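Take a look at the structure below.
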Amino acid sequence: MNFSDEITNWYNANKRDLPWRNTTDAYTIWLSEIILQQTRVEQGMPYFYRFLERYPNVAAFAAAHEDDILKLWQGLGYYSRGRNMLSTARLVNEQYKGTFPTRYNELIKLKGIGEYTAAAIASFAANEAKAVVDGNVYRVLARYFGISEPINSTKGKKLFQETANSILNMEHAGIHNQAMMELGAIICKPKNPACGICPVNTGCYAFLNNAATQLPVKLKTVKVRERYLNYFLITDGDKILMKKRGMGDIWANMYDMPLIETSEMLTPHEVLQLSEAIEYFGTDAEILEVSGPVKHMLTHQRLKVNFIKIDSKKIKLQQEWFYIEVENLKKIAMPQIIFIFLTNIFTFKNNFPFSN
DNA sequence: AACCCGGGGTA
DNA sequence: TACCCAGGGTT
């Protein structure tokens, strides 16, 4: 048996029962693939069910408002995925009459769909002979063939794609792709791979040369930037002052509170003396309570967040600021750290999307 | 080519 | 802490 047959047999006997594997509907597969980008299967699963229930087809998705998509996406991260999906759903609804395309050359044109996702949808929905290369596949190929070219270099990406193409089962591309990824997820894991029970270990470079820990090779990790965020908790009766974030930074178009970012850690008192703070709140703002700094790690940013509850008689409402009933906070999409903070403060019920 | 975009699990 | 996860977009 060749490589593809070996892993396919293994896959058929050992695969996980995942909901998006029981359909050839391109919309459903698209939904699952976007949700699973840089996201663990277990983490994405509840979101997949919730999105499919709320938006069972392209037309339903296309009719949604961005606020609704972001709210449903809350907690999953990489929120541009949700915004791009809405854009793509609307385009498909118009130009493809609500029928999601299944050809690679059509899919690759759509916003939020790159080489991996186009190959995944095309092969799963229509069995088109396109090889997927995701994090799992990089690992399997690097180890099996002993490829030490970095997976995140231009040269490496090309080489790995060509290698994946060369072993693709042209008649059963969908199953082949699933098997490649499943092998990477279940056997050929990043740490402590289960080489002893791997169906292709007898031909594996890394197994034969005890090199699994050295492969794949990945170029330098990006530096982590430190940011200091000072959020202001301002209430008026049962209302709280919130704002909508703009584009061009983390959490685009989501909601948080009035914010002053500083280049270093300042005390709440020092923050209130900044000209920006005086413009917002005047010179007589009173600090009622302080919480923080709360550390929040993103992939490339280390956030240190202070929450400052103030009482000010002279708040100058800014463009995107507004008061909202605390009861209605559960309806708007917030970054996780804001959601957790406000939940702890107010314990507003129905902690949608997920309280666990 | 380099950088940006989240949140959570794991060793 | 460092690395990874069914990556893609922008500059």
Side-chain angles (χ1 to χ4, degrees), chain A residues 15-16 18-21 29-48 70 73-85 87-88 107-121 123-124 131-140 150-158 160-161 164 174 177-186 188-193 213 216-225 227 245 247-254 256 295-303 333-340 353-354 356:
Chain A
K15 65 182 174 184
R16 293 168 292 179
L18 303 177
W20 42 85
R21 285 178 175 164
I29 294 169
W30 168 67
L31 195 57
S32 72
E33 289 301 335
I34 304 296
I35 286 175
L36 291 172
Q37 285 170 0
Q38 291 294 288
T39 303
R40 209 168 272 92
V41 164
E42 307 79 55
Q43 188 187 2
M45 187 94 70
Y47 288 84
F48 170 77
L70 289 176
W73 205 273
Q74 182 180 300
L76 197 54
Y78 285 154
Y79 298 94
S80 66
R81 291 182 289 172
R83 291 188 283 107
N84 286 337
M85 282 186 92
S87 167
T88 287
L107 292 162
I108 196 68
K109 299 176 190 170
L110 302 174
K111 200 170 291 184
I113 298 183
E115 287 184 42
Y116 162 76
T117 305
I121 299 173
S123 65
F124 300 158
V132 298
V133 182
D134 75 333
N136 292 306
V137 176
Y138 276 123
R139 196 163 52 247
V140 170
I151 62 174
N152 55 344
S153 69
T154 302
K155 189 177 171 188
K157 287 177 189 171
K158 189 161 178 281
F160 279 95
Q161 182 68 60
N177 282 335
Q178 295 277 14
M180 286 290 289
M181 293 193 285
E182 193 77 342
L183 187 74
I186 304 297
C188 200
K189 298 176 291 183
K191 292 182 178 174
N192 304 320
T213 57
V217 174
K218 195 171 184 178
L219 291 176
K220 58 188 181 293
T221 56
V222 188
K223 60 192 178 298
V224 175
R225 179 163 61 115
R227 297 177 72 176
R245 296 179 61 84
M247 296 291 291
D249 195 3
I250 55 175
W251 307 322
N253 290 5
M254 298 176 77
D256 59 3
K295 295 174 185 173
H296 188 70
M297 288 293 302
L298 305 180
T299 304
H300 301 308
Q301 298 182 27
R302 189 195 321 276
L303 307 181
M334 291 174 276
Q336 202 66 347
I337 188 168
I338 300 298
F339 180 78
I340 291 169
F354 306 110
N356 53 345

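Just so it is clear, the structure is predicted and the values come from calculations on it, not from any experiment. Keep in mind that the numbers below use all heavy atoms, side chains included, and drop hydrogens, waters and symmetry copies.
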Given C:dG8, C:dC5, B:dC4, the nucleotide with the shortest approach to the side chain of A:H300: B:dC4
Phosphate OP1/OP2 of C:dC5: any A:R139 side-chain N/O under 4.0 Å: yes
Touch class at under 4.0 angstrom, heavy-atom based, for A:G114 against every strand present: sugar-phosphate
Sugar-phosphate only, base, or nothing, as touched by A:R16 at under 4.0 Å among non-hydrogen atoms: nothing
Contact under 4.0 Å: A:Q336 side-chain N or O vs B:dG8 OP1/OP2: yes
Parallel, tilted or perpendicular: rings of A:W251 and A:H296 (30°, 60°): tilted
Sugar-phosphate, base or nothing in reach of A:V41, heavy atoms under 4.0 Å: sugar-phosphate
Side chain of A:K223 (C-beta onward), nearest among C:dC4, B:dC3, C:dA6: B:dC3
Distance, rounded to the nearest Å, where A:K191 contributes NZ and C:dC4 contributes C1': 8 Å
C:dG8 OP1/OP2 closer than 4.0 Å to side-chain N/O of A:T117: yes
Rounded distance in Å - NZ (A:K295) to C1' (B:dG7): 18 Å
Sugar-phosphate only, base, or nothing, as touched by A:N177 at under 4.0 Å among non-hydrogen atoms: nothing
Per A:Q38 side chain, nearest of listed nucleotides C:dG7, C:dC4, B:dA2: C:dG7
Polar side-chain atom of A:T39 near backbone of A:G44 as donor-acceptor pair, under 3.5 Å: no
Nearest-nucleotide 5' precedence on DNA chain C, A:L18 against A:R302: A:R302
Residue A:N192, side-chain atoms from C-beta onward, closest of C:dC5, B:dA11, B:dC5: B:dA11
5' precedence on DNA chain C between A:L110 and A:W20 (nearest-nucleotide basis): A:W20
A:N84 side-chain proximity, nearest of B:dC5, C:dA6, C:dG9: C:dG9
Rounded interatomic separation in angstrom, taking CD1 from A:I250 and C1' from C:dG9: 17 Å
Along DNA chain B (nearest heavy atom to each residue), the more 5'-positioned of A:K155 and A:D249: A:K155
From C:dC5, B:dG6, B:dG7, nucleotide with atom closest to A:P335 side chain: B:dG7
Span that lies between the P atom of B:dT10 and that of C:dA6, in whole angstrom: 12 Å
A:Q43 side chain, from C-beta outward: closest of B:dG7, C:dA6, C:dG7: B:dG7
Options C:dA6, B:dG7, B:dA2, nucleotide nearest the side-chain atoms of A:W251: B:dG7
Nearest-angstrom distance, P atom, B:dG6 to C:dT11: 15 Å
Candidates B:dG6, B:dA2, C:dC4 - which lies nearest the side chain of A:L298: B:dG6
Short side-chain N/O contact from A:Y79 to OP1 or OP2 of B:dG7, under 4.0 Å: yes
Donor-acceptor pair under 3.5 Å, A:T299 side chain vs B:dG6 base: yes
Among C:dG8, C:dA6, B:dG7, the nucleotide that comes nearest once only the side chain of A:M181 is considered: C:dA6
